[in-house]
There are 2 protein chains.
Amino acid sequence: MTAAHRTWAGTTLADRRAARRRQLIESGLELLGTAGTQAVSVRAVCRTAKLTERYFYESFDDRDTLLLAVYDQVAQEAHDALVAAVRDARDELADLARAAVTSFVELIIDDPRKGTVLLLAPLTDPALVRRGSELLPNFTALIHDQLPASIDDTERRLIAVGVTGALTNLFTAYLNGTLDVPRDRLVDHCVRMLLAAARP
Amino acid sequence: MTAAHRTWAGTTLADRRAARRRQLIESGLELLGTAGTQAVSVRAVCRTAKLTERYFYESFDDRDTLLLAVYDQVAQEAHDALVAAVRDARDELADLARAAVTSFVELIIDDPRKGTVLLLAPLTDPALVRRGSELLPNFTALIHDQLPASIDDTERRLIAVGVTGALTNLFTAYLNGTLDVPRDRLVDHCVRMLLAAARP
DNA sequence: CTCACTTGACTACGATCGTTGTCAATCCTA
DNA sequence: TAGGATTGACAACGATCGTAGTCAAGTGAG
């Protein structure tokens, strides 16, 4: 029997490795989403995960690799929630916008750490700057492409960047409690802003 | 003759101390505005300033004190430029908005490091988070108060936070080259957005 | 039962950090 | 010119970091 499939404490090596990896990512999310980027040291992650450094380097090349894994997992979750919401919405711009905004607000209400990681961490950590500057422009481009062709390209870029900034600032303020506003009002406002921007 | 007023190399002690302080702040600005927050170590600042650590602690209690001094100086400069521009503008909302936006754009074109410090550093450095979360809300409140009273308060807050985010994102993208757009277009767009938001 | 694999606690190394201290060289005032 | 103020180069301290290694104890397949 090969080592990888030998059972140990009821599970195979691959399972245990995967479980440890999940545990490390969860601990990374906890630290990154609450205490910030400088709190995510290898030692702190291992202490939180109740694992030793050995297992850290079993799953990740270095500290930055973990940070990227945390960010990517949250980004993937957000992406999945978004496409699911959009898939179930009626095929009309207003409904699509509302579905998208609602799904994101629900995500960050359900787990604010994820919102923090998505919106704030890329600004805070050098290792995540690139990731953040890939994701947001993608979103910006999405808006950009929805804008009517009658608007010239420069104007479309300006609108897209502005709307993206408005949304992230609204979500960020909502996350940290600065923007004390009912959830529905936030969603309504974001949707109306999206639709207003899409009008010629 | 008291030590403080004794001349040395042609200047008094107070003058030399002030000169060293300026030099340290300038070095802090250089590092914070280009290499980012983690590049601002006491050693790096002193090396850049061609001074020794001794003089660092002559002017600043610790690293964070320097960071705050750098930020506050840039914020003060921006504030001064803003009030000067607004003072010289005609007393009409459109002109005020244009004067304000133009003065800020000129500031960050003249010295992009200052724009980076104002907009990005507070998000990047824990020591500056509080400063950033004091300045931007102030600006947000300014917008908030300009909005017509016919809009209810929640809506006014939403608009103010959104507009602030849009502006900072536009400036940020312009700063880092992502938003490749002529200066005048940027100014125009920001002014139009400000005025549009102020309409009922 | 035995032995190889697995685990956890722990130590170790080199680097960098903030901060403080030492000491000789330099400069002005008295 | 003598002596105290000032300067600059540099060492030193403790802390933390990323990363790698050691070693005894636990565990299950053959």
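In what follows, chains carry the letters A, B, and so on, assigned in the order in which the sequence lines appear, proteins first and then strands, with residues in each chain numbered from 1.
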Worksheet item: How is A/F56 classified with respect to the nucleic acid when contacts are heavy atoms under 4.0 Å: base, sugar-phosphate, or nothing?
Response: nothing
Worksheet item: Quick one: B/L13 CG to C/dC27 P, roughly how many Å, whole number?
Response: 17 Å
Worksheet entry | Whole-Å distance separating the CG atom of B/L51 from the C1' atom of D/dG8 | 10 Å
Worksheet entry | B/R16 side-chain proximity, nearest of D/dT6, C/dT20, D/dT19 | D/dT6
Fill in: Carboxylate-amine/guanidinium proximity below 4.0 Å for A/R98 and A/E92
no
Discussion item. Taking B/H144's backbone N and O only, do any of them form a donor-acceptor pair with B/R157's side chain (distance below 3.5 Å, no angle check)?
Written reply: no
Worksheet item: Between atom CG in B/D15 and atom C1' in C/dC28, what is the gap in whole Å?
Response: 16 Å
Fill in: Salt bridge flag under 4.0 Å for residues A/E155 and B/R185
yes
Worksheet item: Does a nitrogen or oxygen in the side chain of A/R54 sit under 4.0 Å from OP1 or OP2 of C/dT6?
Response: no
Discussion item. On the nucleotide C/dG8, are OP1 or OP2 found under 4.0 Å from the side-chain N or O atoms that A/Y55 carries?
Written reply: yes
Worksheet item: A/R47 CZ to C/dC10 P: how many Å, rounded?
Response: 13 Å
Worksheet entry | Distance below 4.0 Å between A/R43 side-chain N/O and D/dT19 OP1 or OP2 | no
Discussion item. Hydrophobic cluster membership, with links at side-chain heavy-atom distances under 4.5 Å among I/L/V/M/F/W/Y: are A/V83 and A/L135 in one?
Written reply: no
Item to complete: Nearest whole angstrom, please: distance from the C1' of C/dA9 to the CD of A/E53.
Response: 10 Å
Item to complete: Check if the side chain of A/R20 and the base of C/dT7 share a donor-acceptor pair of N or O atoms closer than 3.5 Å.
Response: no
Fill in: Expected output: side-chain B/R63 to main-chain B/V40 donor-acceptor under 3.5 Å
yes
Item to complete: Find the distance A/L66:CG to D/dG18:P and express it as a whole number of Å.
Response: 10 Å
Worksheet entry | Nucleotide C/dT7, atom P - distance to CD of A/E58 in whole Å | 7 Å
Worksheet item: Looking at the side chain of A/S41, which of D/dC23, C/dT19, D/dG18 is the nearest nucleotide?
Response: D/dG18
